[in-house]
2 protein chains.
Amino acid sequence: MKITSIHIKQLREEKGITLRTMAKQLGVSASFLSQVERGKSSPSLSTLKNIANALSTTISNLIGENQMIENNPVVRENERKELTEVSQGVSMFLLTSKDANKQMEPLLFKLDEHASSGNMGYKHFGQEFVLVLKGSIEITLNDTRYVLKKGDSIYFNSNIAHSFKNLGKEKAEAVWVVTPPTF
Amino acid sequence: MKITSIHIKQLREEKGITLRTMAKQLGVSASFLSQVERGKSSPSLSTLKNIANALSTTISNLIGENQMIENNPVVRENERKELTEVSQGVSMFLLTSKDANKQMEPLLFKLDEHASSGNMGYKHFGQEFVLVLKGSIEITLNDTRYVLKKGDSIYFNSNIAHSFKNLGKEKAEAVWVVTPPTF
DNA sequence: CGCGCTTGTCAAGTATTAATTAACAAATTG
DNA sequence: CAATTTGTTAATTAATACTTGACAAGCGCG
C-alpha cells in the first residue's frame with residue numbers, strides 16, 4: 001500500500017511559510033521538502049514528525065488518516081442503531097452511520113438504575129470523552145472514582161482500567177465518544 | 001525527534017498472531033518486524049501503514065500520537081471555560097481541561113434565537129461531530145442543509161465549507177466535538 | 001526595462017538505513 | 001528427546017531518504 005495524500009503544501013502555504021525557511025527549520029534541504037510535498041519522495045517517520053511539529057499538527061493529520069468518504073452524515077434520534085452484547089441494564093446507541101476512516105465513535109449510553117459496566121476492560125489505545133446528560137454516573141479510572149452529575153464531563157486515555165456505574169435511583173444518560181472507533 | 005513508542009508487539013500478541021505469520025502477511029521478513037517492534041529499526045511509512053492495517057488500527061495509534069499525559073480529567077458544569085471571539089449570540093464552552101496530545105476537542109454550544117456562525121470557515125483537516133441537546137439547529141455542508149432537532153446528530157469532514165444557524169424561537173444547545181483540537 | 005533576489009522544481013549523485021539472509025538459543029510440542 | 005516453532009542477533013544487500021547544484025519563473029525596485 002502506498003501513502004499518497006500528504007498535504008503538507010497546503011498547510012505550509014496557509015501559514016505563509018516558504019519552502020526554504022521551513023526546510024532550514026527542519027534541518028533538511030528545500031529540494032527534499034519539495035519532493036515530499038509532491039509525493040516524489042516519502043519522508044522517514046522521524047522527519048515526518050518534525051514536519052508535523054513545524055506545522056503544529058499531527059502525523060495522522062498529514063497523511064490524511066482522518067479523511068473519510070462523505071456518506072450520509074445525519075443520524076436522527078429515532079434512527080439510532082443499538083449495539084448488542086452490552087451489560088445488563090446498559091443500552092448503547094451509535095450516533096453515526098457506518099463509515100470508514102472515522103476518527104471517533106460517538107455513542108449514547110443509557111443506564112438503568114444501578115446498572116454498571118461490569119468488567120468491560122477495553123484496553124485499546126485511544127481516548128474517551130463522556131458528558132453526562134441525565135442522572136449521575138460514577139466513573140472509575142485506575143481506582144480513582146469520579147462522580148459525574150448532569151453537565152459534568154470527563155476525558156481520559158482508554159488504555160487504563162476504567163469502568164462505570166449508575167449510582168442514582170433514576171436512569172442516567174451520557175454522550176460517550178471513543179477514539180479510535182471500535183464498532 | 002525520534003519516534004519511540006511503537007507498541008506493535010502488544011497489539012500483535014493480543015491478537016494471538018505470531019511474528020512470522022504477520023511478517024508473511026505484510027510481505028516483510030520476520031526478523032525485520034522484530035527489529036521494528038523493539039525499536040531497533042524504523043519502518044517506512046508504507047510498511048507502517050501495512051502494519052496498522054494488519055492490526056486493524058491506525059498509524060496514529062501505533063506511534064502513540066494519541067497518548068496524553070493524564071491530568072485533571074473532569075470538568076464540572078460550573079467550571080467550564082468559555083471561549084471568546086465567537087459570533088454574536090453564540091457561546092462556546094470547553095468540556096476538557098487544557099492538556100497536550102488530546103485527539104479531540106469537545107465543546108458545548110449555546111445558540112441564542114436566530115444566532116448563526118457567520119463565516120467561521122474553519123477549513124482545517126479533521127472531523128466534527130454534533131449532537132443537538134436542545135432546540136433545533138440548521139447545519140449547512142457544501143450548500144446542503146440539514147435541520148437537526150433535539151437528539152439528532154451529524155458527522156462530517158471539517159475541510160468542507162460548513163456553517164450553522166439557530167432556526168427556532170428558543171435557545172439551542174449542542175455538543176460539538178472537533179478533531180484535531182484547535183483551541 | 002534589466003538587475004538582483006526569491007520562489008519552487010529537476011536531475012544526478014551520495015549516504016543512510018530499511019530490509020534480507022542465515023544462523024542462533026529458548027521455548028513448545030508430541 | 002528429536003523436531004518444530006518461537007523471537008532474537010549479526011552481517012550483507014538493496015532500496016531510498018536526502019543532498020548538491022543548477023534551472024526557469026516570478027516579483028519588486030531603481
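Below, read A as the first sequence line, B as the second, and so on, with proteins coming before strands; counting in each chain starts at 1.
- The distance between atom CG of B:Leu33 and atom C1' of D:dT9, rounded to the nearest whole Å, is 15 Å.
- Atom OG1 of B:Thr58 is separated from atom NZ of B:Lys49 by 8.0 Å, given to the nearest 0.5 angstrom.
- With sequence neighbours excluded, the residues satisfying side chain to side chain contact (heavy atoms under 4.5 Å, CB included) with B:Lys165 are B:Ser116, B:Glu138, B:Leu167.
- Taking 4.0 Å as the cut-off between side-chain N and carboxylate O, A:Glu173 and A:Lys150 do not count as a salt-bridged pair.
- The aromatic rings of A:Phe109 and A:Phe164 lie perpendicular to each other, with more than 60° between the two planes, well past the 30° mark.
- Counting heavy atoms of neighbouring residues, nucleotides and ligands inside a 6.0 Å radius, atom CZ of B:Arg145 does not exceed 12 of them.
- Going from atom CG of A:Leu94 over to atom CG of A:Leu83 covers 4.5 Å, rounded to the nearest 0.5 Å.
- For B:Thr179 and A:Gln103, the side-chain atoms include at least one donor-acceptor pair closer than 3.5 Å.
- If you measure from atom CG of B:Leu48 to atom P of C:dA19, you get 10 Å, rounded to the nearest angstrom.
- Side-chain atoms of B:Ser31 and B:Ser34 include no donor-acceptor pair closer than 3.5 Å.
- Residue contacts for A:Ser44: at a heavy-atom cut-off of 4.0 Å it reaches the sugar-phosphate backbone alone, with no base atom in range.
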>> Expected output check: what is the dot-bracket annotation of DNA chain C, where ( ) and [ ] are pairs inside the strand (brackets for crossing ones), | is paired with another strand, and pairs are Watson-Crick or G-U under 3.5 Å?
In response: ||||||.|||||||||||||||||.|||||
> When every nucleotide of nucleotides 8-15 of chain C is labelled 5' to 3' by its protein contacts under 4.0 Å (heavy atoms), B for base, S for sugar-phosphate only, - for none, what sequence of letters results?
Replying inline: BBBB----
